[in-house]
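Take a look at the structure below.
Every heavy atom of this structure was used, including side-chain atoms; hydrogens, water molecules and symmetry mates were not. Numbers restart at 1 for each chain; the letters A, B, ... are given by sequence-line order, proteins then strands.
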There are 2 protein chains.
Amino acid sequence: MSKYSGQTRLLAATDCIIFGFDGTSIKLLLIKRGLNPFKNKWSLMGGFIQTSESPEDAAVRILEECTGLKDVYMEQFMVFGKPDRDPVERTLSIAYFALIDIHKYENQLNDKYHAEWFLLNEMPDLIFDHSEIVKQAKKQLRYKAALHPILFELLPEKFTIPQLRTLYEGVYETEFDDRNFSRKLLSTNLLVKLNEKDKLSSRKGAFYYKLDKSHYENNFESFLHLIPTPEKFF
Amino acid sequence: MSKYSGQTRLLAATDCIIFGFDGTSIKLLLIKRGLNPFKNKWSLMGGFIQTSESPEDAAVRILEECTGLKDVYMEQFMVFGKPDRDPVERTLSIAYFALIDIHKYENQLNDKYHAEWFLLNEMPDLIFDHSEIVKQAKKQLRYKAALHPILFELLPEKFTIPQLRTLYEGVYETEFDDRNFSRKLLSTNLLVKLNEKDKLSSRKGAFYYKLDKSHYENNFESFLHLIPTPEKFF
DNA sequence: ACAAAAGTGTTCCGTTTACACCCATGC
DNA sequence: GCATGGGTGTAAACGGAACACTTTTGT
């Protein structure tokens, strides 16, 4: 079949905004760009979409290359396509944000990609419009997490409620009432209590919980109300 | 500056899902495709992104070409990019949904594009993956409208609360308690009551309202609760 | 007078919030 | 024993849902 004539073809890339949580703060994984120009400048992890790939496929591939992880929570959130956003050549960027358990991240890949975790407020300048992309991703993360239980994806299998609260407090840069937070969370029935306590961060110790997977999957679209007046944060 | 070598360039198109409301039902504007192959099959309004255009620019241009309207509510909602979605040649589709006041739509453009409004449950088969795109757009419309006051964009400047309720009922294919609906709506302070009644649809007549523009813009991101258990509808 | 639709008032009930208080533990 | 953080109890405030009832007006 013949092609469409007289139209411009352009490059399409996928960029991944990779969020992690180290137990205290939200972090973002950046790499040093391997291509000229701007080689060795900080950049989001990204790559061109290949002939046989959907954008989603590309995002999955890129994420695995960079972190060693598969089956990661990932969400397409916006296309960036200003004609001059990449000075080399016109390139669309299809941006995905990903949430990973930072402890599963394979450090050895570090060498290859010169990847590093950065605190959100200590990020270096990024190439192209990547800083804008990150800004949008942070906004999208807050938005989505206010409504749906996605932040669990940043935690290990077992976690305590205080850990989870610290995570939410990191994302929204505010403090939540610990007592109400834990009760709200338990009332979602998303959590299963384990017979084990984390004794590192307090004398009394906080019980570990894990996700009730089936409940989690079935209720993923239902709205949470863990954040009072969530719109305040957008 | 030299180009990126060894990468595939591809076509990128913008497709617009154009919603309208005729006072009774939600409708979607479709056109007969002008290109071969599949010429004269029903399709979303779309077009290739030009060299100087961002995807957003292209969506605005295409929408104006098709409807004669500028300054329309439009939202980028998803990229469709399976390698084989267009059998002619690989094409990314960046999908936008648009909400227009159907009465402002210029019918004379009809001839040129063979555009027609369709009820959502009376749509013809569409080319490529356009039916899937429409499905996602409907979902996105319900999602967004459950949270934010976007449906006003489908109505004329002046409207009555019963009209608005019919609109919400059309979008969610259910019925809302008229008494609670009107009180909830008024409590948002988004509306300004006019000294004029619509006497066509009832003896008593319903007051016209208009949007309080500044309040609307300032509170656009705040969450509405007009829809009981919104997650039921996704 | 009556019908039909708009709109108000009222009650009930679950949720959220704020905060006092109790619990478990290591030192 | 006591400091520390985890966790429960509780009362007041708020907001949504349901529905009886009032209002307006054309016929």
Side-chain angles (χ1 to χ4, degrees), chain A residues 23-24 146-147 149 155 158-170 172 174-210 219 222-233, chain B residues 23-24 145-147 149 155 158-169 172 174-210 219 222-233:
Chain A
T24 306
L147 298 168
L155 293 172
K158 307 189 297 192
F159 51 84
T160 67
I161 292 180
Q163 275 170 21
L164 195 52
R165 182 168 55 82
T166 306
L167 169 54
Y168 274 84
E169 290 179 343
Y172 293 99
T174 188
E175 293 187 358
F176 298 107
D177 184 294
D178 51 350
R179 298 156 290 186
N180 290 335
F181 185 86
S182 92
R183 229 150 351 117
K184 275 189 190 182
L185 203 54
L186 292 173
S187 74
T188 64
N189 291 114
L190 286 169
L191 301 188
V192 179
K193 193 176 193 169
L194 303 178
N195 276 323
E196 196 184 347
K197 278 187 166 184
D198 165 34
K199 305 296 282 294
L200 297 173
S201 51
S202 75
R203 302 193 199 282
K204 181 175 175 182
F207 278 105
Y208 279 113
Y209 288 81
K210 63 171 184 173
N219 293 72
S222 58
F223 292 137
L224 293 182
H225 302 280
L226 297 174
I227 318 298
T229 60
E231 54 269 52
K232 193 168 80 185
F233 302 105
Chain B
T24 307
L147 298 167
L155 293 171
K158 310 189 293 193
F159 50 85
T160 66
I161 292 182
Q163 273 169 23
L164 195 52
R165 182 168 54 83
T166 305
L167 168 54
Y168 273 83
E169 291 179 342
Y172 293 98
T174 188
E175 293 190 357
F176 297 106
D177 185 295
D178 52 348
R179 297 154 293 185
N180 289 334
F181 185 86
S182 91
R183 231 156 342 116
K184 276 190 189 180
L185 204 55
L186 291 172
S187 74
T188 63
N189 290 113
L190 286 168
L191 302 188
V192 179
K193 192 174 192 169
L194 303 179
N195 276 323
E196 195 184 348
K197 278 187 167 183
D198 165 33
K199 304 296 282 296
L200 297 173
S201 53
S202 75
R203 302 191 199 280
K204 181 175 175 183
F207 277 106
Y208 279 113
Y209 289 81
K210 63 172 184 171
N219 294 71
S222 56
F223 291 138
L224 293 182
H225 302 279
L226 298 174
I227 317 298
T229 60
E231 54 270 54
K232 195 168 78 182
F233 301 106

Checklist line | Step-by-step side-chain contact (heavy atoms from CB on, under 4.5 Å) determination, B:Leu155 to B:Tyr209 | finding: CA-CA 11 Å; B:Leu155 293 171; B:Tyr209 289 81; over 6 Å; no
Next item on the list: Measure from NZ or CZ of A:Lys197 to the centre of the six-membered ring of A:Phe207 and say whether it is under 6.0 Å with the direction within 45° of the ring axis.
Entry: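 Yes - A:Lys197 lies over the ring of A:Phe207, closer than 6.0 Å to its centre and within 45° of its axis.
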Next item on the list: Do nucleotides 22-27 of chain C as a string where each nucleotide becomes B, S or -: B if the base has a protein heavy atom under 4.0 Å, S if just the sugar-phosphate does, - if no protein is that close.
Entry: -BBBB-
Rounded distance in Å - [atom1] ([X]) to [atom2] ([N]):
X	N	atom1	atom2	answer
B:Leu185	C:dA6	CG	C1'	14 Å
A:Asn180	D:dA11	CG	C1'	13 Å
A:Leu164	D:dG7	CG	C1'	15 Å
B:Phe176	C:dG7	CZ	C1'	19 Å
B:Leu200	D:dT25	CG	C1'	14 Å
A:His225	D:dC14	NE2	P	19 Å
B:Gln163	C:dA5	CD	P	15 Å
A:Ile161	D:dT8	CD1	C1'	12 Å

Next item on the list: Please report the closest heavy-atom contact between A:Asp198 and A:Gln163, naming both atoms and the distance.
Entry: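 Scanning both residues, the minimum pair turns out to be OD2-NE2, 4.0 Å.
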Notebook entry, point to check: Looking only at heavy atoms, what is the nearest atom pair of B:Ser202 and B:Gly205, with distance?
Noted result: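 For B:Ser202 and B:Gly205, the tightest heavy-atom pair comes out as OG-N, 2.9 Å.
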Donor-acceptor pair under 3.5 Å, [X] side chain vs [N] base:
X	N	value
B:Arg179	D:dA20	yes
B:Asp178	C:dA6	no
B:Arg183	D:dG16	no

Next item on the list: Return yes if some donor-acceptor pair links the side-chain N/O of B:Lys184 with the main-chain N/O of B:His225 below 3.5 Å, else return no.
Entry: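 Yes, because the side chain of B:Lys184 sits within donor-acceptor range (under 3.5 Å) of the backbone of B:His225.
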Notebook entry, point to check: Relative to each other, are the rings of B:Tyr168 and B:Tyr172 parallel, tilted or perpendicular (30° and 60° limits)?
Noted result: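 B:Tyr168 vs B:Tyr172 ring planes: parallel.
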Item checked: Sequence-distant partners of A:Glu175, salt bridge (charged side-chain N to carboxylate O under 4.0 Å, His left out), two or more places apart ->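 None.
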Next item on the list: Using the closest heavy atom to pick a nucleotide of DNA chain D for each, name whichever of A:Ser201 or A:Lys193 lands nearer the 5' end.
Entry: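 So the residue in question is A:Ser201.
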